S.K.: 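Take this structure, written in structure tokens, and hold onto it; I'll ask about it next.
The structure presented is a predicted model; accordingly, all values stated were derived computationally and were not measured. Indexing begins at 1, ligand by ligand and atom by atom, following the structure's order.
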Amino acid sequence: MKRGNIFKLIAVATLLSGCCAGPNDDSRNSLAESYKEYFPVGVALGAHTYAEPRADSLIRRHFNTITAENCMKPHHIGRKEGEYNFEEADKLIAYAEQNGMSVRGHALLWYQSAPKWFFADAEDGSPATKELIYERLRTYIHTVVGHFKGQVYCWDVVNEAISDKDDEYIRQDSLWYEHCGAEFIEKAFTYAHEADPDALLFYNEYSLVFPDKRDKTIRLIKDLQAKGVPIHGVGMQSHWNIEYPTREVLEETIEALGSLGLIVHCTELDVRMSPHWAGGQLTVEDYDNAVYEYSEELEAKQSAQYKMIFETFREYKDIVKSVTFWNLYDSQTWLDRRKGNIGRNYPLLFDDEMRPKECYYEVVDF
Ligand code: GLA
């Protein structure tokens, strides 16, 4: 063959391998296989994700536990009193069952998803009494937890009840707090345990790698434990960045949570490819307005951060019992869609084309 043709052949082969490199092409163990001696590895999903064939195969290859991204939240299941919309969640459960995946239930009570009917008198719209609100909460939790009994092995019972403000403990910008004070938290756990005594019950929160937020969360959990409230785990959301947490902070956080005698689940992991910080529902007010375009340097930092995070999780496998990513691949991330977001975040292990990134290899090669 002439030299020119050989070059052409090499060029075509390179092009083909590049354009066709997909999620299932690498010969390494999947995430779930790599971590089978450690913990299940999960992903938060909506029907729009697993209905797409390439995403479906990526999910089935890598994950053995799933979380409903939105379809188990109160505004989805319980838009009206007495009416329950389980359709999307039931499909997700069926998908999990077909593929041998476990399901984390998320979330029974969250101030950002608090339908107004809980708090108003059905007749005249005046504020409902606390007794009526608790009766409704009990019915709601019994119906939802009862519906998924045996299919959902753990629940984020209360999501994000702690305040980010220096001078505030339980967040007060919440209809639950406004109407019931902090007591709604223990009620929710009690009702969930009544409905399914076998389900593991979690308190789920963001920014636990910051000492103030962590201390308040620990105070809440100790308080619940002292009252005999059934709580089995704490969900560490884990919306992190390339600089924070450091290894030291992460170790300190896991140890502090583990010392409560609780299981820790990493429930919503993503590591944005920038030093921007905005945990959970925090807005972007802390941003320095800099736009971080993708660069190899940032990608290398992200890979190093993911490597450190998974090394730490492996080290603490007796405490960290599940790790779930919040969304599947970069262009799907909630971070790019949120109000006030600047630029892209590229926070996951798979790129826009669902190809494994450098950070993926750091996570599976150990
Ligand atoms: C929080 C919630 C999740 C989800 C993310 C953003 O962390 O717990 O359910 O809404 O925000 O998508």
S.K.: What residues, two or more places apart in sequence or in another chain, satisfy side-chain hydrogen bond (donor to acceptor under 3.5 Å, both in side chains) together with D90?
M.R.: H147
S.K.: Can you find a side-chain donor-acceptor pair between T65 and R104 that sits under 3.5 Å?
M.R.: no
S.K.: Mind checking whether K73 has a heavy atom under 4.0 Å from ligand 1?
M.R.: yes
S.K.: Side chain, backbone, both or neither: which part of W326 has a heavy atom under 4.0 Å from ligand 1?
M.R.: side chain
S.K.: What atoms in ligand 1 come closer than 4.0 Å to a heavy atom of Q237?
M.R.: 1 (C), 7 (O), 8 (O)
S.K.: Mind checking whether E268 has an N or O less than 3.5 Å away from an N or O of ligand 1?
M.R.: yes
S.K.: What is the minimum heavy-atom distance between Y203 and I231, and which atoms define it?
M.R.: CB-CD1, 3.9 Å
S.K.: Would you check whether H239 reaches within less than 4.0 Å of ligand 1, judged by its heavy atoms?
M.R.: yes
S.K.: Under a plain distance cut-off of 3.5 Å, with no hydrogens placed, do E358 and Q302 share a side-chain donor-acceptor pair?
M.R.: no
S.K.: Could you see which bit of Q112 sits under 4.0 Å from ligand 1, with heavy atoms only: side chain, backbone, both or neither?
M.R.: neither
S.K.: Would you mind telling me if ligand 1 is within reach of the side chain of H106, the backbone, both or neither, using heavy atoms under 4.0 Å?
M.R.: side chain
S.K.: With no hydrogens and no angle check, just 3.5 Å: does a side-chain donor-acceptor pair link N204 and T267?
M.R.: yes
S.K.: Is there a side-chain contact between T324 and F63 in this structure, where contact means two heavy atoms from C-beta onward sitting under 4.5 Å apart?
M.R.: no
S.K.: Considering only heavy atoms of N159, which atoms of ligand 1 have at least one such atom less than 4.0 Å away?
M.R.: 2 (C), 8 (O)
